[in-house]
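Before any comments, here is the structure.
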Amino acid sequence: MSDFEVIIYEKQDGIAYITLNRPKALNAYNIKMRDELYEVLGAINDDAEVEVVILKGSGDKAFCAGADLTEFLTAPPPVFARQARFARDVWGRFLSVEQPVIAALHGYVLGSGIEMCLCCDIRLASDDARFGLPEPGLGIIPAAGGSQTLPRTVGVAPALEILMSGRWIDAQEALKIKLVNKVLPRPDLFPAAEKLAKKIKSFPQPALRAVKQAVWRGLDLPLAEGLALEARFARQLLTK
Ligand code: COA
């Protein structure tokens, strides 16, 4: 895999670690980061040694402070920046990674930061995490899936309130509305993510991958079709 500039990729004992690595810009999501995430997620999906993935941010202050405003709302113009982001569907890549993905969230989790973690399977947050979707206040809407993934995760009313008011929420509220699975003291965040990753990877891989697909794909289906999908996965596992 090529050398990365704005992410760090590490792999150890079946766990892949992706670290967003622009700490001076609060890990703002720029085009370079999009390209590097796209590449690394594709490689992870094809890597039989990787059983589980942890996504985190570097530095003290942020998991990710959203889209890079210097690229995004200035030059190139928003419409070009948007097209550039759509050109590579990194969000689809997040969802199509077969291995479980855990997001470890600290500090600012804004805009694309929330949208990115909503494409992960499990979200752990430190008690200093703050979540917000500033897009409508900037005259745009979330376009990295947030208008769809947030209501699917927390329900319509909380999602609309967060989007329409621009209100940021703290980690405890994020837990209450089920935006995150668990809140931990900051020093415990990464150890907890690793502990969970180790637990997850102790389970049989085919079952983990099947349950991930059954849940995510089933969300888009009527119940009867979802049940049929589940039955197909169950049969496949029995015949392996
Ligand atoms: N894009 C580009 N750079 C960003 C950024 C973003 N989304 N968010 C923060 N940065 C940069 C700042 O410009 C600053 O750079 P500098 O040191 O060269 O001046 C650095 O990160 C630190 O940010 P700063 O604003 O000084 O930190 P803070 O603790 O005072 O405030 C925030 C943190 C998150 C409240 C503030 O940076 C902010 O509002 N960022 C924009 C959030 C946003 O609207 N994201 C886009 C969503 S679509």
Side-chain angles (χ1 to χ4, degrees), residues 4-8 18-38 55-95 103-120 123-154 158-174 177 179-180 183 186 189:
F4 294 119
E5 283 176 33
V6 294
I7 65 169
I8 300 169
I18 305 172
T19 306
L20 309 179
N21 191 34
R22 300 183 71 210
K24 287 186 183 152
L26 308 186
N27 300 319
Y29 179 86
N30 65 1
I31 289 170
K32 187 83 190 153
M33 190 178 282
R34 176 206 67 191
D35 289 344
E36 294 188 359
L37 285 171
Y38 190 87
L55 175 69
K56 57 194 174 77
S58 68
D60 283 340
K61 286 180 72 174
F63 168 72
C64 172
D68 189 316
L69 294 172
T70 63
E71 283 185 358
F72 181 45
L73 289 177
T74 53
V79 64
F80 293 142
R82 283 274 162 188
Q83 282 168 355
R85 288 174 64 192
F86 283 129
R88 285 232 181 139
D89 182 13
V90 75
W91 315 109
R93 277 258 158 141
F94 265 105
L95 292 173
L105 308 166
H106 76 283
Y108 297 112
V109 187
L110 304 176
S112 309
I114 288 199
E115 296 184 279
M116 215 182 307
C117 78
L118 281 166
C119 293
C120 298
R123 286 169 287 282
L124 306 182
S126 59
D127 47 13
D128 65 351
R130 296 188 68 202
F131 300 83
L133 281 158
E135 283 90 341
L138 297 168
I140 53 178
I141 70 164
S147 69
Q148 303 305 303
T149 51
L150 187 65
R152 279 170 168 77
T153 305
V154 306
L160 281 175
E161 194 263 331
I162 288 168
L163 282 161
M164 290 177 165
S165 70
R167 186 171 69 84
W168 292 11
I169 64 172
D170 63 17
Q172 285 306 332
E173 187 173 352
I177 65 170
L179 175 57
V180 299
V183 174
R186 176 71 169 273
L189 177 66

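Order of listing sets the numbers, starting from 1, for every ligand and every atom in it. What's counted below: heavy atoms across the whole structure, side chains too, no hydrogens, waters or symmetry copies. The first residue of the sequence shown is numbered 1, and numbering continues consecutively from there.
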Which pairs with one or both residues in residues 123-134 pass side-chain hydrogen bond (donor to acceptor under 3.5 Å, both in side chains), sequence neighbours excluded? S126-D128, D128-R186
Selected option - heavy-atom contact closest to atom 2 (C) of ligand 1, from L110, D68, N27: D68
What are the two closest heavy atoms between E115 and W91, and how far apart are they? C-CZ3, 4.3 Å
Which part of K24 is near ligand 1, with near meaning a heavy atom under 4.0 Å away: side chain, backbone, both or neither? backbone
Please give me the minimum heavy-atom distance between G146 and P142, naming the atom from each residue. CA-CB, 4.1 Å
Among L26, I114, L69, L133, whose heavy atom sits nearest atom 1 (N) of ligand 1? L69
Is any side-chain heavy atom of Y108 closer than 4.5 Å to one of F131? no
Under 4.0 Å between heavy atoms, the region of Y29 that gets near ligand 1 turns out to be neither
Looking only at distances, please establish whether an N/O atom of ligand 1 is found under 3.5 Å from an N/O atom of L138. no
With a 4.0 Å cut-off, would you call E173 and R167 a salt bridge? yes
Considering only heavy atoms from C-beta outward, does the side chain of L20 approach that of Y29 to under 4.5 Å? no
Considering A65, P134, G66, which one's heavy-atom position lies nearest to atom 45 (N) of ligand 1? A65
So the atoms of ligand 1 within less than 4.0 Å of a heavy atom of W168 turn out to be 35 (C)
L124 vs L105 side-chain heavy atoms within contact, under 4.5 Å: no
Can you name the atoms of ligand 1, numbered from 1 with element, that are less than 4.0 Å from a heavy atom of E135? 48 (S)
Say whether K61, considering both its backbone and side-chain N or O atoms, lies within less than 3.5 Å of an N or O atom on ligand 1. yes
